[in-house]
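Counting convention: from 1, in listed order, for ligands and their atoms alike.
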Amino acid sequence: MAKSNLKLKEQKKKNNLKVVDDREIKTTAYSDINLKKWKEYDHVKTDTLWEFPARLKEGGHSNEYHGNYIPQIAQQIYERYTKKGDIVLDLFFGSGTSGIEAVNMERRCIGVELKDELAESVSQKFSPKQLVTDVNIICADSASEAAKEKIKARLDVMGRKEAQLLMLHPPYDDIIKFSDKKEDLSNCATTEEFYNLFEKVAKNGYDLLEKRRFACLIIGDSYKNSEVQPLGFMCMAKMMNLGFKLKGIIVKDIQGNERAKGKTANLWRYRALAGGFYIFKHEYVMVFQKA
Ligand SMILES: C[S@@+](CC[C@H](N)C(=O)[O-])C[C@H]1O[C@@H](n2cnc3c(N)ncnc32)[C@H](O)[C@@H]1O
C-alpha cells in the first residue's frame, strides 16, 4: 500500500471514520451524515454561537413546561451524534423534549424523571406502541443505583447494552424549583451540594454510554449572594473529571425563548447598573465524548 494511502487510513481510524462500501456514502461511526455530500448539510451547525429566532412548536412540542429546552438543540445534536435507531438516554427528562424529537427523527429514547406525576403525564404524549418500541420513561432518582439498574433492564429490552447519546439538562441549581423532593437537584441546600448530585447523575450516564459516543450538557449560570455561580463551567469540570473529552462549548442565545422577561427588563437593567453585574442572555450547550 502506498505510504500516502496508509497515512490516510490511519488518519481515518483516528477520526473514527468508517467508509461504507458504497462509494457514494462515507459516514462516521456515530452519525448518518454523508461526508461525501457534506455541502448538503447547511442546516447542521458546526460553529459555537447558536441563535434560533424562536422555539419550534411543531412536531408534538409545546411550551407548557417551565424549564424545557428548545427542540432545535435535540435536532442539531441528534443529527451530528446519532444514527437512526440509536438510543438517547436523558437523565432529566422533564416534559420529554428529548423523547419527542427522538421519535420525530427515528431515534429511540430512555428518559428518567424524578417527579412521578410528570413522568405519568409525559407518557400521554406517546402512543402505546411508541411506549413499547421507541420511548421508555422511568420514574426514578437519576443519581441512584436503582435508576441505573432500571435503565440497564430497558436497554436490554430495546436490544442494546448501552446508550448511544447522553442528554443532560439539569435544573440550573435552584433558579426554578421543580419539587420538594430531597433528591431533586433544584432543591439542594447549597450550590456545592448541587454540583455533587450532578456529578453522581453524570457518573451514571458515563457508565451507561457506549465508548466513543457523545454526551450533551445544556446549562446556564446563576447569580447568587452577589456573585455569578458558574454552573456551566463547574459542571463541565465534573464531566471532564469523569473521563469525558470536551468537544465543544456552544453559547446559545436565550433571548428567543425567555418567558415574560419583557415586563421586568427595565428593573433588571437598573439592578445590573446598581449592582455591577451583567444580565444573562445566553446558556451553554456543551458536547463531550467518552474515550
Ligand atoms: C431543566 S428540567 C429538564 C427539562 C427537559 N429537558 C425538557 O425539555 O422538558 C430538569 C428536570 O430534572 C428533574 N430532576 C431533578 N432532579 C432529578 C433527579 N435526581 N433525577 C431525575 N430527575 C430529576 C426535574 O424534575 C425537572 O423536570
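- Ion pairing between K152 and D156 fails under the 4.0 Å rule for side-chain N and carboxylate O.
- Using a cut-off of 4.0 Å between Lys/Arg side-chain N and Asp/Glu carboxylate O, K252 and E283 are scored as salt-bridged.
- Closest to atom 14 (N) of ligand 1 among all protein heavy atoms lies F92 CD2, 3.9 Å.
- If you check each of E101, K115, E113, M167 against atom 24 (C) of ligand 1, the one with the closest non-hydrogen atom is E113.
- With hydrogens left out, the protein atom closest to atom 15 (C) of ligand 1 is D184 OD1, 3.3 Å, a heavy atom.
- For a threshold of 3.5 Å applied to N or O pairs, the pair formed by L114 and ligand 1 contains at least one separation below that value.
- Under a 4.0 Å criterion applied to the non-hydrogen atoms of G96, ligand 1 contributes the atoms 9 (O).
- When the heavy-atom distances from atom 16 (N) of ligand 1 to L185, I138, V112 are ranked, the shortest goes to L185.
- Within 6.0 Å of the NZ atom in K115, the count of heavy atoms belonging to other residues, nucleotides or ligands exceeds 12.
- Atom 6 (N) of ligand 1 has its closest protein heavy atom at H169 ND1, 2.9 Å.
- Contacts with ligand 1 closer than 4.0 Å are made by side-chain heavy atoms of F178 only, the backbone lying farther away.
- Considering only non-hydrogen protein atoms, atom 8 (O) of ligand 1 sits nearest to T97 OG1, 2.6 Å.
- Numbered from 1 in the order shown, with element, the atoms of ligand 1 that lie under 4.0 Å from a heavy atom of S95 read 7 (C), 9 (O).
- Contact between A140 and ligand 1 is present, with at least one heavy atom of the residue lying under 4.0 Å from the ligand.
- When each atom of ligand 1 is checked for a heavy atom of D141 under 4.0 Å away, the hits are 18 (C), 19 (N), 20 (N).
- Residue contacts with ligand 1 do not include S186, since none of its heavy atoms lies under 4.0 Å from the ligand.
- Heavy-atom distances between I176 and ligand 1 stay at or above 4.0 Å for every pair.
- The closest approach between any non-hydrogen atom of F93 and ligand 1 is below 4.0 Å.
- Using a 4.0 Å cutoff on heavy atoms, G67 counts as a contact of ligand 1.
- The cationic group of K290 does not satisfy the cation-pi geometry with Y81, failing either the under 6.0 Å distance to the six-membered ring centre or the 45° limit from the ring axis.
- Within the model, atoms CD of E199 and SG of C235 stand 9.5 Å from one another, a figure rounded to the nearest 0.5 Å.
- Counting atoms of ligand 1 from 1 in the listed order, those under 4.0 Å from a heavy atom of S142 are 18 (C), 19 (N), 20 (N), 21 (C).
- Ring pair F277/W268 is perpendicular by interplanar angle, where above 60° counts as perpendicular and below 30° as parallel.
- Within the structure, the closest approach of S144 to ligand 1 does not fall below 4.0 Å when heavy atoms are considered.
- Checked options Y206, Y30, F288, Y78; the residue passing with F214 is Y30 (criterion: ring pair (Phe, Tyr, Trp, His ring centres under 6.0 Å)).
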